[in-house]
Amino acid sequence: MKNVFADFEPFAEPGRWAGFRGWLRGNRTGRVYEVVIKASIARYPNQEPAVYMNPHPERHHWIADGRLCYLRHGHVWNPAEDTFAQAVIIAAKYVDEFDGRG
């Protein structure tokens, strides 16, 4: 994370959550989106980190608890290989696709 997404800072709520927080800027609107990638300490790395964003670029890709709903086309989370950085990439692709279209 530090090498690729240096602007994202780690955070933790001991015994509950750990993750990274940073900002992505939309190319169409210039809007800044706060992005939080977090995972349950007890469930990571077996469970993929969740992606949260504020504001939401559009209304349709969000689960009731505030997480981004996305599909990994042709790929399933692999705890031995996949990382928090991949979740940031998913968030960046989402912002690139939906910024200014909501």
Side-chain angles (χ1 to χ4, degrees):
M1 282 292 292
K2 189 173 185 175
N3 293 334
V4 179
F5 297 107
D7 293 337
F8 276 72
E9 294 289 328
F11 72 91
E13 186 177 324
R16 296 195 64 209
W17 305 101
F20 293 86
R21 181 178 290 119
W23 293 267
L24 296 172
R25 183 177 300 277
N27 288 331
R28 286 183 198 83
T29 65
R31 176 179 273 172
V32 175
Y33 298 94
E34 178 186 23
V35 177
V36 175
I37 311 297
K38 75 177 188 177
S40 163
I41 291 171
R43 295 185 180 145
Y44 184 81
N46 292 325
Q47 187 177 62
E48 183 171 13
V51 176
Y52 298 88
M53 192 175 299
N54 187 37
H56 294 170
E58 52 76 47
R59 299 176 301 191
H60 304 291
H61 290 89
W62 299 94
I63 298 172
D65 69 358
R67 287 179 292 144
L68 177 63
C69 179
Y70 57 87
L71 294 174
R72 289 173 165 265
H73 296 290
H75 181 75
V76 176
W77 174 257
N78 180 344
E81 297 176 358
D82 295 332
T83 66
F84 275 93
Q86 290 171 326
V88 177
I89 291 168
I90 288 168
K93 287 180 180 179
Y94 169 80
V95 167
D96 188 53
E97 185 172 348
F98 289 101
D99 173 59
R101 296 186 180 186

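It should be emphasised that the depicted structure is a prediction, and the values quoted were computed from it without experimental measurement. Note that these values count all heavy atoms, side chains included, but never hydrogens, waters or copies made by symmetry.
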key: Backbone N/O of Asn78 and side chain of Glu81: donor-acceptor pair under 3.5 Å   = no
key: Which residues share a ring-ring contact (aromatic ring centres under 6.0 Å, His included) with Tyr44, sequence neighbours left out   = Phe84
inquiry  = Side chains of Ile89 and Lys93, heavy atoms from C-beta outward: is any pair under 4.5 Å?
reply    = yes
task = Start with the C-alpha gap between Val35 and Val88, add the side-chain angles, then the distance that decides, and say whether side chain to side chain contact (heavy atoms under 4.5 Å, CB included) holds.
result = CA-CA 8 Å; Val35 177; Val88 177; 5.7 Å; no
request  = Drop me the distance from Ser40's OG to Trp17's CH2, to the nearest 0.5 angstrom.
outcome  = 5.5 Å
ask   = Do you know which two heavy atoms are closest between Pro79 and Asn46, and how far apart they sit?
value = CG-OD1, 3.8 Å
query = Is Phe20 close to Val36 at the side-chain level, that is, under 4.5 Å between some pair of heavy atoms?
reply = no
key: Heavy-atom closest pair, residues Arg67 and Ala50   = CD-CB, 3.3 Å
query = Is a side-chain donor-acceptor pair under 3.5 Å present for Tyr94 with Asp99?
reply = no
inquiry  = I'd like to know if Phe8 and Val4 are part of one continuous hydrophobic network [Ile/Leu/Val/Met/Phe/Trp/Tyr, side-chain heavy atoms within less than 4.5 Å].
reply    = yes
task = Look up atom CH2 in Trp23 and atom CG in Asn54, then write down how far apart they are to the nearest 0.5 Å.
result = 11.5 Å
Where Gly30 and Arg25 come nearest, the two heavy atoms and their spacing = O-NH1, 2.7 Å
message = Using 0.5 Å steps for rounding, measure from the OG1 atom of Thr83 to the CD atom of Glu48.
response = 10.0 Å
inquiry  = Can you confirm whether Asp82 sits close enough to His75 that some side-chain heavy atom of one is under 4.5 Å from a side-chain heavy atom of the other?
reply    = yes
message = Would you say CG of Asp7 has more than 12 non-hydrogen atoms from neighbouring residues, nucleotides or ligands within 6.0 angstrom?
response = no
request  = Identify the heavy atoms of Val51 and Ala91 that sit nearest to each other, and give their distance.
outcome  = CG1-CB, 3.9 Å
inquiry  = One pair to check against side chain to side chain contact (heavy atoms under 4.5 Å, CB included): Tyr52 and Ile37. What are the steps and the verdict?
reply    = CA-CA 6 Å; Tyr52 298 88; Ile37 311 297; over 6 Å; no
remark   = Rounding to 0.5 Å, atoms CZ (Phe98) and CD (Glu58) come to a distance of 5.5 Å
request  = Tell me, with the steps shown, if Tyr70 and His61 meet side chain to side chain contact (heavy atoms under 4.5 Å, CB included).
outcome  = CA-CA 7 Å; Tyr70 57 87; His61 290 89; over 6 Å; no
inquiry  = Within a 6.0 Å radius of atom CZ on Arg43, are there more than 12 heavy atoms belonging to other residues, nucleotides or ligands?
reply    = no
inquiry  = Using side-chain heavy atoms (C-beta onward) and a distance below 4.5 Å, is Pro49 in contact with Lys38?
reply    = no
request  = Is it possible for you to say whether Ile90 and Trp62 belong to one hydrophobic cluster, with membership spreading through side-chain heavy-atom contacts below 4.5 Å?
outcome  = yes
inquiry  = Show the nearest heavy-atom pair for residues Gly66 and His56, with the distance to one decimal.
reply    = O-NE2, 4.2 Å
message = For a quick test of reading the model, state the closest non-hydrogen atom pair linking Gly26 to Val95 and the distance between them.
response = CA-CG1, 3.8 Å
inquiry  = Rounded to the nearest 0.5 Å, what separates atom CD in Glu34 from atom CE in Met53?
reply    = 10.5 Å
